[in-house]
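We use all heavy atoms of the structure for the numbers below, so side chains are in, but hydrogens, waters and symmetry mates are not.
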Amino acid sequence: MIERLHRYFLDVVKIELDRKDVQDINNVQAMILYNIGHENMTVGELTLRGYYLGSNVSYNVKKMSENGYIEQERSVHDKRSIRVKLSDKGKELYAILNAMFTRHEEKLEGTKLTPETLKETIQTLQNIERFWNAQTQFSAMTNGED
């Protein structure tokens, strides 16, 4: 179910990109861009915050940089670390995506997806996350015996 919802969500983002005639960035890259937002962060921080795989983030950051959506610079303190932030073009796309999310929030009014049910759903997903995380910690401590 979660995988299906994720796929539908990415389809919604793709439709918005197509509607705005944005052809030089894909839906996954657009969501990475949205997660960068107004911050200046390392690729490692982006990986941790967005739950992306490191190699995928590195590839997508490179593509977004080539297409002018983000700016990259080496960290002054750690030359191995690359900091990323949105360019003006990236900020424009961020605004488009943010407007889409605002429209979707407005469309939720009057549906069964109330703030209360959404809050409850988020809490349930966080509980599942904690449960699975505990299982991985338990398995690591017992060398896979459970």
Side-chain angles (χ1 to χ4, degrees), residues 1-140:
M1 175 59 87
I2 291 172
E3 289 173 357
R4 249 192 340 260
L5 288 172
H6 181 66
R7 201 168 47 248
Y8 286 139
F9 172 72
L10 289 176
D11 287 347
V12 166
V13 172
K14 176 68 173 133
I15 289 167
E16 186 70 9
L17 293 173
D18 289 347
R19 199 167 72 78
K20 296 293 186 176
D21 199 31
V22 177
Q23 303 296 319
D24 58 349
I25 190 168
N26 67 35
N27 48 7
V28 172
Q29 292 165 355
M31 290 316 306
I32 292 172
L33 178 144
Y34 191 81
N35 284 315
I36 294 170
H38 301 292
E39 296 187 45
N40 182 337
M41 64 179 68
T42 66
V43 173
E45 289 169 331
L46 184 59
T47 303
L48 289 174
R49 291 182 189 186
Y51 303 102
Y52 303 103
L53 297 174
S55 61
N56 290 345
V57 171
S58 296
Y59 170 81
N60 285 316
V61 162
K62 178 182 175 206
K63 287 303 196 183
M64 289 187 293
S65 181
E66 289 172 1
N67 290 326
Y69 287 99
I70 61 171
E71 298 170 357
Q72 300 183 68
E73 59 184 40
R74 290 235 177 255
S75 172
V76 176
H77 304 293
D78 182 356
K79 296 297 180 189
R80 298 168 297 168
S81 180
I82 297 174
R83 300 198 71 76
V84 295
K85 66 180 181 179
L86 300 185
S87 66
D88 289 340
K89 183 178 179 180
K91 290 174 186 174
E92 289 174 17
L93 181 56
Y94 178 91
I96 289 170
L97 295 170
N98 200 49
M100 177 192 74
F101 290 134
T102 300
R103 280 195 324 273
H104 290 181
E105 282 180 39
E106 292 166 357
K107 287 181 179 182
L108 286 175
E109 290 183 30
T111 70
K112 292 182 180 181
L113 295 171
T114 64
E116 294 78 23
T117 60
L118 290 172
K119 186 175 179 180
E120 188 177 309
T121 300
I122 290 168
Q123 183 63 53
T124 300
L125 291 171
Q126 289 170 334
N127 289 338
I128 293 169
E129 178 185 35
R130 280 193 285 277
F131 173 78
W132 283 338
N133 186 43
Q135 299 311 300
T136 61
Q137 300 304 314
F138 178 76
S139 292

A.B. asks: Rounded to the nearest 0.5 Å, what's the gap from NZ on Lys91 to CG on Asn98? Could you check?
C.D. replies: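 Going from the NZ atom of Lys91 to the CG atom of Asn98 covers 14.5 Å.
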A.B. asks: Determine which pairs satisfy side chain to side chain donor-acceptor pair (under 3.5 Å) with at least one residue from residues 99-110, sequence neighbours left out, and list them in order.
C.D. replies: Glu16-Arg103
A.B. asks: Is it true that a side-chain atom of Asn26 and a backbone atom of Val28 form a donor plus acceptor pair closer than 3.5 Å?
C.D. replies: yes
A.B. asks: Mark yes when over 12 heavy atoms from residues, nucleotides or ligands other than Glu3 sit less than 6.0 Å from its CD; otherwise mark no.
C.D. replies: no
A.B. asks: Listed by chain and number, what are the ring-ring contact (aromatic ring centres under 6.0 Å, His included) partners of His6, not counting sequence neighbours?
C.D. replies: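 Result, ring-ring contact (aromatic ring centres under 6.0 Å, His included) vs His6: none returned.
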A.B. asks: Is it the case that the side chain of Ser58 and the backbone of Val43 share a donor-acceptor pair, with hydrogens and angles ignored and the cut-off at 3.5 Å?
C.D. replies: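 Absent.
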A.B. asks: Which pair of non-hydrogen atoms, one from Ile82 and one from Arg74, has the smallest distance, and what is that distance?
C.D. replies: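 Between these two residues, the closest heavy atoms are CG1-NH1, 3.4 Å.
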A.B. asks: Is it the case that atom CG in Asp88 sees more than 12 heavy atoms from other parts of the structure closer than 6.0 Å?
C.D. replies: no
A.B. asks: Provide the full list of ring-ring contact (aromatic ring centres under 6.0 Å, His included) pairs with a residue in residues 105-136, sequence neighbours left out, each pair given once.
C.D. replies: none
A.B. asks: Can you confirm whether Lys89 sits close enough to Asp24 that some side-chain heavy atom of one is under 4.5 Å from a side-chain heavy atom of the other?
C.D. replies: yes
A.B. asks: Are Leu108 and Leu118 close enough that some pair of their side-chain heavy atoms sits under 4.5 Å apart?
C.D. replies: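 They are in contact (side-chain heavy atoms under 4.5 Å apart), so the answer is yes.
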A.B. asks: Holding to side chain to side chain donor-acceptor pair (under 3.5 Å), I want the full list of residues that pass it with Asn127, two or more places apart in sequence or in another chain.
C.D. replies: Gln123, Arg130
A.B. asks: Does atom CG of Leu5 have more than 12 heavy-atom neighbours from other groups under 6.0 Å away?
C.D. replies: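 Result for CG/Leu5: enclosed.
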A.B. asks: Could you measure the distance from the CG atom of Leu33 to the OG atom of Ser87? Nearest 0.5 Å is fine.
C.D. replies: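 Going from the CG atom of Leu33 to the OG atom of Ser87 covers 8.0 Å.
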A.B. asks: Could you tell me the separation between the CD1 atom of Ile36 and the CD atom of Glu45, rounded to the nearest 0.5 Å?
C.D. replies: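 The distance works out to 11.0 Å.
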A.B. asks: How would you list, by chain and number, every residue that makes a salt bridge (Lys or Arg N to Asp or Glu O under 4.0 Å) with Lys20, sequence neighbours excluded?
C.D. replies: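 Applying salt bridge (Lys or Arg N to Asp or Glu O under 4.0 Å) to Lys20 gives none.
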A.B. asks: Residues in side chain to side chain donor-acceptor pair (under 3.5 Å) with Ser81, at least two apart?
C.D. replies: none
A.B. asks: Find out whether Ile32 and Ile70 are in side-chain contact, i.e. whether some heavy atom of one side chain is under 4.5 Å from a heavy atom of the other.
C.D. replies: no
A.B. asks: Parallel, tilted or perpendicular, judged at 30° and 60°: which one describes the rings of Phe101 and Phe9?
C.D. replies: parallel
A.B. asks: Mind checking the CZ-CD spacing from Arg83 to Glu71? Nearest 0.5 Å is all I need.
C.D. replies: 13.5 Å
A.B. asks: Return the set of residues passing salt bridge (Lys or Arg N to Asp or Glu O under 4.0 Å) with Glu120 (not counting sequence neighbours), or none when no residue passes.
C.D. replies: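 With sequence neighbours excluded, Glu120 shows a salt bridge (Lys or Arg N to Asp or Glu O under 4.0 Å) to no residue whatsoever.
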A.B. asks: Taking all heavy atoms of Gln72 and all of Val84, pick out the closest pair and write down the distance.
C.D. replies: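 What the structure gives for the nearest pair is CG-CG1, 3.9 Å.
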A.B. asks: In the structure I gave you, are the side-chain heavy atoms of Leu17 and Leu93 within less than 4.5 Å of one another anywhere?
C.D. replies: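 Yes, close enough: below the 4.5 Å cut-off.
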A.B. asks: Is there a donor-acceptor pair closer than 3.5 Å between any side-chain N or O of Asn27 and the backbone N or O of Val13?
C.D. replies: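 Answer holds: no.
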A.B. asks: Can you name the side chain to side chain contact (heavy atoms under 4.5 Å, CB included) partners of Glu66, sequence neighbours left out?
C.D. replies: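 With sequence neighbours excluded, Glu66 shows a side chain to side chain contact (heavy atoms under 4.5 Å, CB included) to Lys62, Lys63, given in chain and number order.
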A.B. asks: Sequence neighbours left out, what passes side chain to side chain donor-acceptor pair (under 3.5 Å) with Asp11? Give chain and number order.
C.D. replies: none
A.B. asks: Is there a side-chain contact between Met100 and Val12 (heavy atoms, below 4.5 Å)?
C.D. replies: yes
A.B. asks: Ile2 and Leu125: side-chain contact (heavy atoms from CB on, under 4.5 Å), yes or no, with the steps?
C.D. replies: CA-CA 10 Å; Ile2 291 172; Leu125 291 171; 4.1 Å; yes
A.B. asks: With sequence neighbours left out, what residues match Glu92 under salt bridge (Lys or Arg N to Asp or Glu O under 4.0 Å)?
C.D. replies: none
A.B. asks: What is the distance from atom CG of Leu86 to atom CG of Asn40, rounded to the nearest 0.5 Å?
C.D. replies: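 The CG atom of Asn40 is 10.0 Å from CG of Leu86, to the nearest 0.5 Å.
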A.B. asks: Side chain to side chain donor-acceptor pair (under 3.5 Å) with Arg4: which residues, sequence neighbours excluded?
C.D. replies: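 In terms of side chain to side chain donor-acceptor pair (under 3.5 Å), with neighbours along the sequence ignored, Arg4 is linked to no residue.
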A.B. asks: Side-chain contact test, heavy atoms from C-beta onward, threshold under 4.5 Å: evaluate it for Val22 versus Tyr69 and give yes or no.
C.D. replies: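 Answer yes - side chains close enough.
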A.B. asks: With Lys14, which residues qualify under salt bridge (Lys or Arg N to Asp or Glu O under 4.0 Å), at least two apart?
C.D. replies: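 Lys14 satisfies salt bridge (Lys or Arg N to Asp or Glu O under 4.0 Å) with Asp18 once adjacent residues are dropped.
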A.B. asks: Evaluate the criterion side-chain contact (heavy atoms from CB on, under 4.5 Å) for residue pair Val61 and Met64; output intermediate values, then yes/no.
C.D. replies: CA-CA 5 Å; Val61 162; Met64 289 187 293; 4.3 Å; yes
A.B. asks: Distance-only, no hydrogens or angles: does the Asn60 side chain make a donor-acceptor pair with backbone N or O of Asn56 under 3.5 Å?
C.D. replies: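 Pair found, side chain donor or acceptor close to backbone of Asn56.
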